[in-house]
Structure formats: structure tokens, C-alpha cells
Visitor: 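Just passing along the structure, written as C-alpha cells.
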There are 2 protein chains.
Amino acid sequence: MERDRSVRYARIVAAEQKETRTATGGAVLRQRVTDAITEAAFTELAEAGYARLSMEAVARRAGVGKAALYRRWPSKQAMITELIRGKVTDTLPHTPATGALHTDLRELLATFRGQLANPLLARIGTELLAESSHDGALAEMLYTEVTAPRRLAARAILQGAIDHGELPPTLDLELGTDLLIAPLVFRMLLMQDRSDDDYLETLTTATEAALKAAVR
Amino acid sequence: MERDRSVRYARIVAAEQKETRTATGGAVLRQRVTDAITEAAFTELAEAGYARLSMEAVARRAGVGKAALYRRWPSKQAMITELIRGKVTDTLPHTPATGALHTDLRELLATFRGQLANPLLARIGTELLAESSHDGALAEMLYTEVTAPRRLAARAILQGAIDHGELPPTLDLELGTDLLIAPLVFRMLLMQDRSDDDYLETLTTATEAALKAAVR
DNA sequence: ACGGAACGGAACGGTAGCGTTCCATTGTCT
DNA sequence: AGACAATGGAACGCTACCGTTCCGTTCCGT
């Protein structure tokens with residue numbers, strides 16, 4: 001029976017690329033129920049947070065039996081990790097890398113700001129980070145789906161600016177990436193504050209100056 | 001009985017400035033026991049983390065009855081908040097503000113690095129941040145004891161540099177403070193990475209450049 | 001139309017942990 | 001010496017919630 005659940009779990013996961021492998025008889029996991037669970041789970045995440053989320057509460061809010069949840073995912077941990085992965089994959093990084101450094105920087109920072117402004121993220125962002133210390137699967141997922149592509153996008157801009165001479169070739173790329181990402185994350189995620197357009201413009205200028213000086 | 005506990009709680013809290021107000025008869029909370037509990041609690045915090053810490057585990061590790069814990073603090077939450085407050089107050093900010101900006105920056109950043117390198121902090125830092133969203137008392141304590149004095153120290157350096165002309169008077173102090181603190185926190189707390197001396201020196205130079213450009 | 005699996009709902013066993021209470025013992029102040 | 005409260009230890013009631021199982025019902029694909 002554990003294998004049964006694993007099979008179904010794999011089916012759901014695969015369903016994103018290939019359509020559901022229908023059982024021969026009638027009766028398949030109903031999309032409506034899956035949707036209701038998903039929505040309820042995110043609402044619960046926003047209200048209770050990651051650590052305090054309970055499967056009973058999700059089922060209750062979705063108007064669904066707990067069995068429906070366990071038919072889809074093998075455990076609470078797997079469900080949350082999977083749902084967040086799906087959500088987060090939507091917001092792809094996007095690389096501008098057109099022309100001037102200042103413009104590229106502002107655009108990337110604006111993109112980051114937009115993503116960090118997501119209320120759900122603001123609510124559970126720090127919890128996901130905290131939980132990563134205890135949950136390797138979550139940590140790996142977050143790195144692969146969130147951290148890595150964003151650091152890559154930042155690096156691409158830096159490398160582009162180096163290539164056409166706006167930044168020195170001796171730039172420390174690792175530190176440069178930190179300088180680019182850290183202030184917004186710090187202010188919006190850790191300080192739970194906003195950043196208006198003025199802040200963003202000044203930040204862009206300051207970051208540009210920092211990058212030009214971040215040589216080893 | 002709830003009042004009893006509150007009284008004892010206040011007594012313990014006050015004991016940091018004034019010595020324990022002895023009861024008239026014999027028999028007082030024994031310092032040895034308090035110390036054992038404190039040490040056990042921090043060990044548990046480091047191992048299990050904030051959210052997973054249990055009073056039973058603390059008592060077990062301290063070789064102590066749970067009753068001994070509840071004679072000292074009214075609840076788990078109060079105990080942890082109070083213990084962390086005591087721990088964190090030790091590491092005062094310290095303001096250099098002597099002479100050159102570059103030197104002041106490097107010194108402050110080195111101090112921050114030293115404090116962020118504390119293994120316990122690295123372990124539970126993100127959990128404290130996450131828990132702050134749900135625990136107003138913890139959030140306030142962290143702001144008062146941790147955030148505020150450090151931002152104040154940063155601001156003092158910036159203001160000093162403005163006063164003797166190394167930074168422009170139009171500097172955005174709020175953003176400047178972010179620029180000063182964010183990269184280290186980002187790298188050491190969120191990325192769980194270290195920062196060697198080279199990183200710190202380059203960061204100092206880059207931060208100095210960023211500050212000179214962070215005008216509104 | 002029909003078969004069968006997914007459905008909502010309820011109940012269950014099991015684990016965990018908080019905060020309380022009791023007790024006989026121990027240690028400390030007067 | 002004597003009084004008295006703190007002590008370790010154990011047990012308790014309580015709440016919460018995980019993951020499982022069962023049931024009678026509903027819905028879907030053939």
C-alpha cells in the first residue's frame with residue numbers, strides 16, 4: 001500500500017508534463033479536488049505558516065477527507081514541498097542582459113522586488129529558510145528552483161558587463177552576486193519592509209558603484 | 001498559583017541586576033539548577049532548533065524535573081525568549097567612529113562577522129526570524145536587543161563620515177544602513193556560508209563605494 | 001448501464017508535548 | 001536545630017495531529 005501511494009504520487013508529479021495516465025475502469029483523481037486541496041493548503045500556509053500547518057486543517061478547509069490528501073501525496077512534508085515547488089517554478093528568473101549595466105541592474109532588481117512582494121512569500125519565506133536546516137529535500141528544492149536560477153541571472157548580467165567593459169574583469173563574481181541580491185532580500189524578507197521606486201533607483205546606483213569596486 | 005509563578009519569574013529576571021531577593025525561610029531557587037537548565041536549553045536549541053525544542057528534553061538533559069523549569073518561567077515561550085535575551089545582550093554593538101571611513105567600516109563588518117559566526121546563532125538565527133512572525137514578544141525583543149543597536153552603530157559611523165566630509169550629506173541613511181549590514185547577513189545567515197578575510201576586505205571596499213553613491 | 005475507484009466523513013491507534021499535581025527528600029536560611 | 005520551600009521523579013489530563021482504515025456514496029470512463 002505504500003507502493004500504491006508512491007505510484008499515485010509519481011502520477012501526480014508527472015501529470016505536469018504528461019497528462020494523467022487514466023485507470024482502465026472509470027474513476028480517477030478528480031482535478032477539482034486536487035485544486036481545492038492546493039488552494040486550501042496555500043491559504044493555510046499563509047495563515048498558520050509552514051511549521052504550524054496541519055493536514056486536518058487543510059482537509060477541513062478544502063471540504064475534503066484526509067484520505068483524499070494521502071491518495072495524492074505520501075506525507076505532509078512531500079505535499080508541501082511539492083506544492084511550493086510547483087508554485088515557485090512559475091516565477092522564472094528572466095535574463096535581460098541588454099545593453100547598459102545600469103538598466104540591466106534596475107530591471108533585475110525590479111523583478112526581484114516584484115517576486116519578493118508576493119504576500120505568501122513574505123509570510124512563509126523565512127520559515128522555508130528555517131526549515132531548510134532540518135529538511136534536506138526542501139533545502140535542495142529551494143536551491144535548485146529558487147536560489148540557483150536567480151544567482152545565475154545575476155551572474156549573467158555581471159559577465160555581460162565585464163565583456164563589454166562596464167565592469168572590471170577582476171570583479172569577484174561571487175561577492176558581486178551577493179551585493180546584487182542581498183539588500184532587497186534583507187529589507188523585504190528579513191525586515192518585512194517594502195521598497196518604493198526611489199529606494200530601488202538609489203539602490204541600483206549604489207549597487208552599480210559597489211560592483212565597480214568589488215575587485216579582488 | 002499563576003501569580004506565584006509570575007512573581008518568581010520577575011524575581012529571576014530582576015536577579016540579573018539585583019541579587020536574588022531571598023525568601024524569609026530557608027530554601028531558594030538554587031543557582032546550580034538554573035545554570036544546568038540554561039546550559040541544557042542552549043544545547044537543545046542548537047541540536048533541535050527553536051520550534052522543535054521541548055521542555056521535557058531540556059529537563060531530561062539538565063537532570064531536572066519539569067517542575068523546576070516551571071518554577072522559573074511561566075511557559076516555554078517565555079523561557080526561550082528570556083534565555084536568548086540574556087545571551088544576546090552580552091554581545092553589545094560597540095561603536096568605533098574613529099577617523100577614516102574605510103577603517104571604521106572594516107572594523108564594524110569584522111565585528112558583525114564575528115557575531116554571525118557564532119555556531120548557535122547560525123543554527124537558530126533563521127528560526128528566530130521565522131518565529132518572529134508569530135510571536136510578537138520575540139519579535140520585539142529581537143528588534144530592541146539585536147536589530148536596533150546594530151543599526152544604530154551603523155548609522156553612527158555613517159553620520160560621522162558625513163560630518164567630516166567622507167560621505168555626502170545627501171546620503172540615504174536608511175538605505176546606507178541596509179547596504180552595510182545586508183551582504184554579511186545574507187551570506188552567513190541565509191546562505192550558511194563563511195566569509196574569509198579577503199571577502200571581508202573586498203566587501204569593505206565595495207560597501208564604501210556603494211555608500212558614496214547612495215544619495216537620493 | 002455498469003463497474004470500480006475516488007469521494008466525504010468518521011473513527012482509530014499512536015506519538016508527542018504542554019502544563020499541573022503530588023510526594024518524599026534535600027538543601028539552605030534563620 | 002529546626003523550619004520551609006525547592007528538588008527529582010513520576011504520573012496525570014489534555015490537546016493536537018499524523019497516518020491508516022473503514023464505510024456508504026458519488027462520479028467517471030468504458
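Keep in mind the model is a prediction, meaning the values are calculated, not measured.
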Visitor: Find out whether A:Leu158 and A:Leu180 are in side-chain contact, i.e. whether some heavy atom of one side chain is under 4.5 Å from a heavy atom of the other.
Guide: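 Yes - at least one pair of side-chain heavy atoms lies under 4.5 Å apart.
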
Visitor: Any donor-acceptor pair under 3.5 Å linking the side chain of B:Glu127 with the backbone of A:Ala130?
Guide: no

Visitor: Below 4.0 angstrom, which residues in residues 131-140 of chain B have at least one non-hydrogen atom near DNA chain D?
Guide: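 Correct list: empty, so none.
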
Visitor: Check whether any side-chain N or O of B:Lys76 sits under 3.5 Å from a backbone N or O of B:Leu53 as a donor-acceptor pair, and report yes or no.
Guide: yes

Visitor: Would a 4.5 Å heavy-atom cut-off, applied to side chains only, mark B:Trp73 and B:Leu83 as touching?
Guide: yes

Visitor: Taking only N/O atoms, report every protein-nucleotides 12-18 of chain C pair under 3.5 Å with atom names and distance.
Guide:
| residue | atom | partner | partner atom | Å |
| --- | --- | --- | --- | --- |
| C:dC18 | OP1 | B:Met55 | N | 3.2 |
| C:dC18 | OP1 | B:Lys76 | NZ | 3.3 |
| C:dC18 | OP2 | B:Met55 | N | 2.9 |

Visitor: Give the rounded distance in Å between these two atoms: CG of B:Asp35 and C1' of D:dT7.
Guide: 15 Å

Visitor: Is the backbone N or O of A:Leu184 less than 3.5 Å from a side-chain atom of A:Arg113, with the two atoms forming a donor-acceptor pair by type?
Guide: no

Visitor: Please confirm whether the shortest side-chain N or O distance from B:Arg32 to OP1 or OP2 of C:dT26 is below 4.0 Å.
Guide: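 No, because none of the side-chain N or O atoms of B:Arg32 sits under 4.0 Å from OP1 or OP2 of C:dT26.
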
Visitor: Whole angstrom is fine here: how far is it from CH2 in A:Trp73 over to C1' in D:dC18?
Guide: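 Distance, rounded to whole Å: 16 Å.
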
Visitor: With salt bridge (Lys or Arg N to Asp or Glu O under 4.0 Å) as the rule and sequence neighbours excluded, what pairs involving residues 177-193 of chain A come up?
Guide: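 Salt bridge (Lys or Arg N to Asp or Glu O under 4.0 Å) check on residues 177-193 of chain A returns A:Arg151-A:Asp178, A:Asp178-B:Arg187, A:Arg187-A:Asp193, A:Arg187-B:Glu174, A:Arg187-B:Asp178.
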
Visitor: Separation of A:Leu29 atom CG from D:dG29 atom P, in whole Å?
Guide: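 Taking CG of A:Leu29 and P of D:dG29, I get 12 Å after rounding.
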
Visitor: Taking atom P of C:dT20 as reference, at what distance in whole Å does atom CZ of B:Arg72 sit?
Guide: 16 Å

Visitor: Given 3.5 Å as the limit, does a donor-acceptor pair link the side chain of B:Arg123 with the main chain of B:Ala46, or not?
Guide: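 Yes, B:Arg123 side chain to B:Ala46 backbone: donor-acceptor pair under 3.5 Å.
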
Visitor: So, do A:Met79 and A:Met55 sit near enough that their side-chain heavy atoms are less than 4.5 Å apart?
Guide: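 Contact flag for A:Met79/A:Met55 side chains = yes.
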
Visitor: Is the closest side-chain heavy-atom distance between A:Leu138 and A:Met141 below 4.5 Å?
Guide: yes

Visitor: Write down the distance between CD (B:Gln31) and P (C:dC29), rounded to a whole number of angstrom.
Guide: 12 Å

Visitor: Quick one: salt bridge (Lys or Arg N to Asp or Glu O under 4.0 Å) pairs with a partner in residues 35-55 of chain B, sequence neighbours left out?
Guide: A:Glu131-B:Arg52, B:Glu44-B:Arg61, B:Glu47-B:Arg61

Visitor: Taking only the side-chain heavy atoms of A:Arg30 (C-beta and beyond), determine which of D:dC27, D:dG8, C:dT26 contains the nearest atom.
Guide: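 From the listed options, D:dC27 comes nearest.
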
Visitor: Side-chain donor-acceptor pair under 3.5 Å between B:Thr34 and B:Arg72, yes or no?
Guide: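 Per modelled atom types, B:Thr34 and B:Arg72 side chains form a pair under 3.5 Å.
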
Visitor: Taking the side chain as every heavy atom from C-beta outward, state whether A:Ser133 and B:Gln192 have any atom pair closer than 4.5 Å.
Guide: yes

Visitor: With pairs taken as Watson-Crick or G-U wobble and both distances under 3.5 angstrom, which stems of at least three consecutive pairs involve DNA chain D?
Guide: C:1-30 with D:1-30

Visitor: For DNA chain C, which residues in residues 42-50 of chain A have a heavy atom at a distance below 4.0 Å?
Guide: none

Visitor: I need the CG-C1' distance between B:Leu69 and D:dA6, as an integer number of Å.
Guide: 14 Å

Visitor: Using a 3.5 Å distance criterion without hydrogens, assess whether the side chain of A:Glu145 forms a donor-acceptor pair with backbone atoms of A:Thr89.
Guide: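 Not a single qualifying donor-acceptor pair exists.
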
